[in-house]
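First the structure, in the form of structure tokens, and then the observations on it.
Throughout, a chain's letter reflects where its sequence line sits, starting with A, and its residues are numbered from 1.
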2 protein chains.
Amino acid sequence: MSKRVGIREVAAAAGVSVTTVSHSLSGGGQLSDATRKRVRSVAESLNYTPNRLASGLRSKRSQIIGFVSDEISTTPYAGNMLLGAQDAAAAHDQVLMVVNSNRNAQLEARGIDALLQHRVDGIIYARMYHQAVELPAALSGVPTVFLDASNESSDLSSVVPDEEGAALTAMDHLIEAGHRRIGYLNNIDDIPATRGRLAGYRAALAKHGIPFDESLIALSESMTGPGRDAASRLLARPDRPTALFCFNDRIAMGAYQAAHLARLAIPHDLSIVSIDNFEVLADALLPGLTSIALPHYEMGRWAAERLAAELAGEADSPPEQIRMHCPLVLRQSVGPPLR
Amino acid sequence: MSKRVGIREVAAAAGVSVTTVSHSLSGGGQLSDATRKRVRSVAESLNYTPNRLASGLRSKRSQIIGFVSDEISTTPYAGNMLLGAQDAAAAHDQVLMVVNSNRNAQLEARGIDALLQHRVDGIIYARMYHQAVELPAALSGVPTVFLDASNESSDLSSVVPDEEGAALTAMDHLIEAGHRRIGYLNNIDDIPATRGRLAGYRAALAKHGIPFDESLIALSESMTGPGRDAASRLLARPDRPTALFCFNDRIAMGAYQAAHLARLAIPHDLSIVSIDNFEVLADALLPGLTSIALPHYEMGRWAAERLAAELAGEADSPPEQIRMHCPLVLRQSVGPPLR
DNA sequence: TGAGCTTACATAAACGTTTTTGTTATTGTC
DNA sequence: GACAATAACAAAAACGTTTATGTAAGCTCA
């Protein structure tokens with residue numbers, strides 16, 4: 001492998017100046033189309049690969065977007081957000097540099113510092129579960145978009161799932177199937193999802209003129225075991241609900257198990273709908289679990305797209321705080337109520 | 001925000017040359033400790049943030065490691081590999097730039113090109129499921145380590161799970177619990193995991209003097225539904241196995257369902273062990289699924305560590321092809337055989 | 001004591017681009 | 001046919017580091 005070919009070698013081979021090569025490749029300056037084309041083909045034939053370190057240094061645009069998330073290992077959602085962000089970034093000739101804080105503030109600070117040293121053009125500050133967050137001090141002044149995270153007070157763009165809408169969609173589906181006594185297995189943590197989905201649950205009841213019954217709500221950690229216990233409690237009641245709306249698929253899996261233990265068939269004796277559309281569970285359960293999908297890919301995409309727009313935009317449009325729609329994915333866990 | 005502070009500003013403030021600042025911060029050159037310390041504290045007080053674009057350009061070391069994977073969204077393993085790689089990389093002052101091919105050769109080529117434009121120091125070429133791979137042409141000459149992927153013919157380092165050992169561990173566990181008729185729900189694809197785990201299954205039988213019975217093997221796609229069907233076939237036989245070894249947790253979940261349908265209690269009537277230790281399933285199933293963990297985090301770590309060593313190492317040690325041990329994670333799905 | 005080391009720093013070139021500022025033909029205008 | 005405007009390119013500075021080379025002072029030792 002001879003010496004790396006740079007813009008200089010291309011210039012020599014094409015018989016023009018380096019300026020002309022730069023302009024030809026970037027589309028800048030004013031050059032004849034003929035020259036542009038010739039230079040490009042020469043560059044191609046020489047296998048020229050632009051050096052982004054150099055161009056970033058000079059132009060002050062690294063073409064790198066930093067992606068910082070709180071955890072990436074324990075959740076299958078991370079991948080979809082990353083993928084969405086990556087796809088959108090690639091469309092703008094940007095590439096992702098990812099850093100994971102593992103929920104450790106010090107690691108996060110170090111990671112962000114590394115990103116800034118690499119002079120990322122902007123940052124996607126992501127959470128794996130919808131959360132309210134503060135902007136890390138180091139990021140003030142850096143173009144930033146929140147992903148699956150929101151911050152009331154800041155004037156930054158953000159995208160989160162429409163929690164209330166998701167719950168409403170789920171409940172509408174159950175109510176339209178004929179159910180009126182619908183239990184809700186809610187999460188126990190005080191996070192936007194918990195509050196939003198509960199609001200959606202109540203809104204749906206109100207919308208259809210069904211009185212709210214506090215005793216139909218059971219709280220559970222977002223795991224299968226606790227979900228099973230919570231569901232068992234609701235199903236043990238003499239006036240047990242004919243349907244359960246679950247905070248997420250893992251809790252729903254617990255509800256399946258509780259139904260089994262109570263000898264209730266799904267969906268004949270009990271209908272279930274939940275939120276997540278985590279395919280490994282929803283598809284695997286018997287019968288398949290009808291679930292509301294959280295639009296992770298789309299949110300990732302939106303975040304990167306929005307960031308790219310801010311980076312490109314001379315006239316910086318006002319920040320947007322998006323709540324993204326969550327679609328219903330039908331499977332076999334919902335049927336008409338008994339009797 | 002005044003003008004960005006660079007090495008030059010630090011030099012002025014400390015009353016030394018830029019050379020001295022560079023040496024102070026990097027630890028190079030020969031300077032008095034006093035000067036080094038003083039410069040460092042000045043840099044700190046000025047909030048100096050080194051520009052890696054510039055240093056990379058000059059020193060030809062970007063301190064970036066490229067991470068290219070085939071898919072990242074459909075699997076929960078990706079996160080752990082990424083995390084392991086990131087942790088090890090961070091220890092060497094490197095950061096990860098990730099690119100996802102989505103199993104599309106063209107996208108992969110484009111992604112790799114982007115990484116090379118950014119002059120990554122090396123590349124971790126990862127697969128989400130253990131696979132034999134070819135080194136993309138664009139990567140020849142680039143320091144590369146295979147992660148969860150292997151290539152017989154190349155002289156590059158790689159790390160994969162010890163598939164045969166994993167199966168052996170699983171089978172040993174069942175045999176030591178007293179089982180002799182053990183069914184195997186194997187995957188249907190022709191991949192190293194399929195072959196390796198089958199080899200481990202047979203090796204375990206041989207080791208314990210149990211004759212191999214072809215009819216105890218059922219093939220299934222790596223999903224719950226097909227796993228359920230395959231398990232049902234084995235369990236329908238009059239001389240049904242007392243235990244099942246499953247290719248992965250999703251198939252094992254199918255086996256659980258098949259057992260339910262056949263009115264067999266786990267582990268009383270049927271013991272099950274599988275491979276993956278995919279917590280969302282293994283922990284959630286009732287009873288908990290005993291499973292062999294694939295060391296994704298450790299493999300990611302090893303890959304980044306090894307790459308860092310190659311990058312640092314003047315004397316490039318010969319490439320290593322590692323098969324990593326897979327530990328057994330005990331839960332409640334294994335018991336003694338009936339009667 | 002002075003040649004040769006060593007210590008502790010400084011000067012300046014280099015990395016591969018982009019961008020600012022020319023420069024030279026060519027065209028158009030009256 | 002003089003003057004400005006434009007088109008098409010080139011020269012050189014700049015981006016913020018690292019590194020090769022230089023240099024001055026202090027020390028060693030014959």
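- Set against D:dT18, D:dA10, C:dC9, the side chain of B:S55 has D:dT18 as its closest nucleotide.
- Screening B:I124, B:I322, B:L135 for a side chain to side chain contact (heavy atoms under 4.5 Å, CB included) with B:F146, the sole residue that qualifies is B:L135.
- Two residues, B:T35 and A:S22, neighbour DNA chain C, and the one matched to the more 5' nucleotide by heavy-atom proximity is B:T35.
- Taking a cutoff of 4.0 Å between a charged side-chain nitrogen and a carboxylate oxygen, B:E44 and B:R40 do not qualify as a salt bridge.
- Of the candidates C:dT19, C:dC15, C:dC9, C:dC9 carries the atom nearest the B:L31 side chain, counting heavy atoms from C-beta on.
- The B:T19 side chain lies nearest to D:dA20 when the options are D:dA20, C:dT19, C:dC9.
- Both A:V18 and A:D33 lie near DNA chain D, and the one whose nearest nucleotide falls closer to the 5' end is A:D33.
- In this structure, B:I7 atom CD1 and C:dC15 atom C1' are separated by 15 Å, rounded to whole Å.
- Partners of B:R301 under the salt bridge (charged side-chain N to carboxylate O under 4.0 Å, His left out) rule, at least two apart in sequence or in another chain, do not exist in this structure.
- As a whole-Å value, the separation of B:Q30 CD from D:dA20 P is 14 Å.
- Between A:R58 atom CZ and D:dA12 atom C1' the separation is 11 Å, expressed in whole Å.
- A salt bridge links B:R127 with B:D70: the closest approach of a Lys/Arg side-chain nitrogen to an acidic carboxylate oxygen falls below 4.0 angstrom.
- In DNA chain C, consecutive stretches of 3 or more Watson-Crick or G-U wobble pairs with both distances under 3.5 Å are given as paired ranges: C:1-30 with D:1-30.
- Heavy-atom distances to DNA chain C give each of B:K60 and B:R38 a nearest nucleotide, and the one nearer the 5′ end belongs to B:R38.
- Among pairs with a residue in residues 90-104 of chain B, those fulfilling salt bridge (charged side-chain N to carboxylate O under 4.0 Å, His left out) read B:R52-B:D93, B:E71-B:R103, at least two apart in sequence or across chains.
- Closest to the B:S17 side chain, of the nucleotides C:dG16, C:dT11, D:dT17, is C:dT11.
- As rounded to whole Å, 12 Å separates atom P of C:dT19 from atom CG of A:L57.
- Remark: P of D:dT17 and CZ of B:R4 are 9 Å apart, rounded to the nearest angstrom.
- Residues B:V99 and B:I112 have side chains not in contact (no heavy-atom distance under 4.5 Å, counting atoms from C-beta outward).
- A donor-acceptor distance shorter than 3.5 angstrom exists from the side chain of B:Q131 to the backbone of B:Y129, with no hydrogens or angles considered.
- Distance CZ (A:R119) to P (D:dC15): 14 Å, rounded to an integer number of Å.
- Set against C:dT17, C:dT18, D:dT17, the side chain of A:S59 has C:dT18 as its closest nucleotide.
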